[in-house]
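Take a look at the structure below.
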Amino acid sequence: LDVFDAASGAFIHVRTHPKALPPIRTLKVDSRHRIWIGTAEDGLFRMDELPEQLPTGSPAAIQVEQYSAGQIIDTSVSAIAEDRLGRIWVGTAAGISRIEADLSTITQYPPQKNANGIVSKARVQDIELDANGTLWVATDREGLFVFQENENQFVAVGQQQDRNRS
């Protein structure tokens, strides 16, 4: 991981401990200044705030926490977002994991069955929050989903519109 140092106008390579980071697919800096790093095969990594002064000359060694199989729903991470409560939403090839702001709990949202009773094979492509704090999820095969906080579930946008009519 390389970090731009505005003071020197150069990139500084940041070494991570206990292991080097695999190729990075996506990243997010949250409201607590933690850096969340999503990878294609090795899960999610969390790096606490970088020190204000990065050493020059030899690479800095920064501690990272890895979230892997058994912690998050899948290790192929494609999207990361933070909601208004500070929770981290992690989109993967096999569903979504939500990490509480205090890091105490991880909730899994596996793929749902569609109207025909078939479990979705959709991969999360993106997760975004709108100005109202509504969580939206784009998938590659099943379209757009919205998170219904009061029901603690994701609903396909077409199904959500049908529910509003009844």
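What's counted below: heavy atoms across the whole structure, side chains too, no hydrogens, waters or symmetry copies.
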**Complete:** Residues passing the side-chain hydrogen bond (donor to acceptor under 3.5 Å, both in side chains) test with Arg25, sequence neighbours excluded, are Ser76
**Complete:** OG1 (Thr134) and CG (Leu129) are apart, to the nearest 0.5 Å, by 7.5 Å
**Fill in**
Minimal heavy-atom distance between Val157 and Phe145, with the atoms involved, is CG2-N, 4.2 Å
**Asked** Considering all heavy atoms of both residues, which atom of Phe154 and which atom of Ile96 are nearest to each other, and what is their separation?
**Response** CZ-CD1, 3.6 Å
**Prompt:** Side chain of Gln66, backbone of Arg46: donor and acceptor closer than 3.5 Å?
**Reply:** no
**Request:** Could you check if a side-chain atom of Leu135 sits within less than 4.5 angstrom of a side-chain atom of Ile127, using non-hydrogen atoms only?
**Result:** yes
**Prompt:** Hey, what do you get for CD1 (Ile88) to CD1 (Ile72), rounding to the nearest 0.5 Å?
**Reply:** 12.5 Å
**Item:** Considering all heavy atoms, the nearest Pro18-Gln63 contact
**Value:** CD-NE2, 3.9 Å
**Request:** Would you kindly confirm whether Leu103 and Val64 end up in one hydrophobic cluster when ILVMFWY residues are joined by side chain heavy atoms under 4.5 Å apart?
**Result:** no
**Request:** Find out whether Trp89 and Ile99 are in side-chain contact, i.e. whether some heavy atom of one side chain is under 4.5 Å from a heavy atom of the other.
**Result:** no
**Prompt:** What pairs with Asp102 under side-chain hydrogen bond (donor to acceptor under 3.5 Å, both in side chains), at least two apart in sequence or on another chain?
**Reply:** Ser104
**Message:** Restricting to side-chain hydrogen bond (donor to acceptor under 3.5 Å, both in side chains), what partner residues turn up for Glu128, sequence neighbours left out?
**Reply:** none
**Prompt:** At what distance, to the nearest 0.5 angstrom, does OG1 of Thr39 lie from CG of Leu44?
**Reply:** 8.0 Å
**Request:** Can you tell me which residue pairs pass the ring-ring contact (aromatic ring centres under 6.0 Å, His included) test with a partner in residues 14-47, sequence neighbours excluded?
**Result:** Trp36-Tyr67
**Request:** Hey, could you give me the CG/CH2 distance between Asp126 and Trp136, rounded to the nearest 0.5 Å?
**Result:** 13.0 Å
**Request:** Identify, with sequence neighbours excluded, every residue that meets side chain to side chain contact (heavy atoms under 4.5 Å, CB included) alongside Thr26.
**Result:** Val77, Ile80
**Request:** If a pair satisfies salt bridge (Lys or Arg N to Asp or Glu O under 4.0 Å) and one of its residues is in residues 88-100, list it, with sequence neighbours excluded.
**Result:** Arg98-Glu100
**Asked** Which pairs, with at least one residue in residues 33-45 and sequence neighbours excluded, count as a salt bridge (Lys or Arg N to Asp or Glu O under 4.0 Å)?
**Response** Asp30-Arg34
**Request:** Please list all pairs passing the salt bridge (Lys or Arg N to Asp or Glu O under 4.0 Å) test where one or both residues lie in residues 66-81, with sequence neighbours left out.
**Result:** none
**Complete:** Sorted by chain and residue number, the side chain to side chain contact (heavy atoms under 4.5 Å, CB included) partners of Ala122 (sequence neighbours excluded) come out as Ser120, Thr139, Asp140, Arg141, Glu142
**Asked** Shortest non-hydrogen contact from Pro111 to Ala94?
**Response** CD-O, 3.3 Å
**Item:** All side chain to side chain contact (heavy atoms under 4.5 Å, CB included) counterparts of Ser31, not counting sequence neighbours
**Value:** Glu82
**Message:** Has Ser78 got a side-chain atom pairing as donor or acceptor with Val124's backbone, closer than 3.5 angstrom?
**Reply:** yes
**Asked** Sequence neighbours excluded, which residues qualify as side-chain hydrogen bond (donor to acceptor under 3.5 Å, both in side chains) partners of Glu149?
**Response** Arg87
**Message:** Arg84: which residues meet the side chain to side chain contact (heavy atoms under 4.5 Å, CB included) condition with it, sequence neighbours left out?
**Reply:** none
**Asked** Hey, does the side chain of Ser97 reach the backbone of Ile73 with a donor-acceptor pair shorter than 3.5 angstrom?
**Response** yes
